[in-house]
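Treat the numbers as computed from the prediction; the structure is a model and nothing was measured.
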Amino acid sequence: MANVLETIRFAPMNLTIGKSPVIHYTLPKTLEAGEIVKYVVMVGFKKISWTGIIAASTESKVTVRLNEGPFRGFNAVHQFVSEGNLTTCYDKFSFQGFNVFPEETFAEIMDKASIVYAIPSRKAAREIYMAVEAKKQTQSFESLDNAATAG
């Protein structure tokens with residue numbers, strides 16, 4: 001389960017977008033109250049994004065409420081359950097008062113939407129992030145070493 005939670009902390013590198021709307025979210029580094037969760041719904045070429053703030057969390061369950069976005073209200077519950085060597089993700093969303101489309105249109109979109117975890121794409125993003133961080137560390141150590149030997 002820890003591996004899945006760590007992977008969902010990276011936004012997917014790419015997603016296949018079709019006619020059906022897809023939702024994905026990105027968890028913060030720590031699942032503590034007050035941390036920000038980023039959400040995106042892709043509907044064809046239209047992107048709807050918002051942020052939620054963690055209201056409460058346990059080791060396997062995160063409750064989120066609206067931080068900023070095109071709604072009057074938003075709530076989500078994300079639960080992660082270990083089942084042998086697999087992790088099952090359960091997500092529940094509720095929206096109140098959409099401001100960009102008529103509420104009925106948004107409700108239709110969300111009824112058709114699928115949640116996409118895109119684990120391979122997120123792992124690719126994680127690998128690139130780690131490579132960049134490793135290069136930064138190497139450059140930092142080289143600069144420190146050069147500065148120490150310059151005098």
Taking atom [atom1] of [X] and atom [atom2] of [Y], what is their separation to the nearest 0.5 Å?
X: Ser57; Y: His78; atom1: OG; atom2: NE2; value: 11.5 Å
X: Tyr129; Y: Arg9; atom1: OH; atom2: CZ; value: 12.0 Å
X: Ile54; Y: Ile36; atom1: CD1; atom2: CD1; value: 8.5 Å
X: Leu31; Y: Lys61; atom1: CG; atom2: NZ; value: 14.0 Å
X: Gln96; Y: Arg72; atom1: CD; atom2: CZ; value: 8.0 Å

Applying side-chain contact (heavy atoms from CB on, under 4.5 Å) to Phe98 and Thr105, what does each step give before you reach the verdict?
CA-CA 9 Å; Phe98 191 68; Thr105 303; over 6 Å; no

Start with the C-alpha gap between Arg126 and Glu6, add the side-chain angles, then the distance that decides, and say whether salt bridge (charged side-chain N to carboxylate O under 4.0 Å, His left out) holds.
CA-CA 9 Å; Arg126 180 182 173 268; Glu6 200 267 334; 2.8 Å; yes

Whether Ser49 side chain and Val40 backbone form a donor-acceptor pair below 3.5 Å:
no

Under a 3.5 Å distance rule, please check whether Arg122 uses its side chain to pair with a backbone N or O of Ile8 as donor and acceptor.
yes

Looking at [X] and [Y], what are the two nearest heavy atoms and their distance?
X: Leu66; Y: Phe71; value: CD2-O, 3.4 Å
X: Val43; Y: Pro21; value: CG2-CB, 4.0 Å
X: Glu35; Y: Thr30; value: CG-O, 3.4 Å
X: Ile53; Y: Asn67; value: N-CB, 3.9 Å
X: Ala11; Y: Ala125; value: O-CB, 3.3 Å
X: His24; Y: Val116; value: CB-O, 3.4 Å

Donor + acceptor pair across side chains of Thr51, Glu68 (<3.5 Å):
no

Please step through side-chain contact (heavy atoms from CB on, under 4.5 Å) for the pair Lys38 and Leu27, ending with a clear verdict.
CA-CA 7 Å; Lys38 297 176 184 175; Leu27 295 175; over 6 Å; no

For Asn75 and Phe93, what are the C-alpha separation, side-chain angles and deciding distance, and is it a side-chain contact (heavy atoms from CB on, under 4.5 Å)?
CA-CA 6 Å; Asn75 295 294; Phe93 300 99; over 6 Å; no

Could you check whether Tyr39 and Phe74 have their ring centres less than 6.0 Å apart?
yes

Indicate, with yes or no, if the rings of Trp50 and Phe95 have centres closer together than 6.0 Å.
yes

Quick check: are there more than 12 heavy atoms from other residues, nucleotides or ligands sitting under 6.0 Å from CD of Glu83?
yes

Walk me through it: do Thr26 and Phe10 pass the test side-chain contact (heavy atoms from CB on, under 4.5 Å)?
CA-CA 6 Å; Thr26 306; Phe10 294 88; 5.8 Å; no

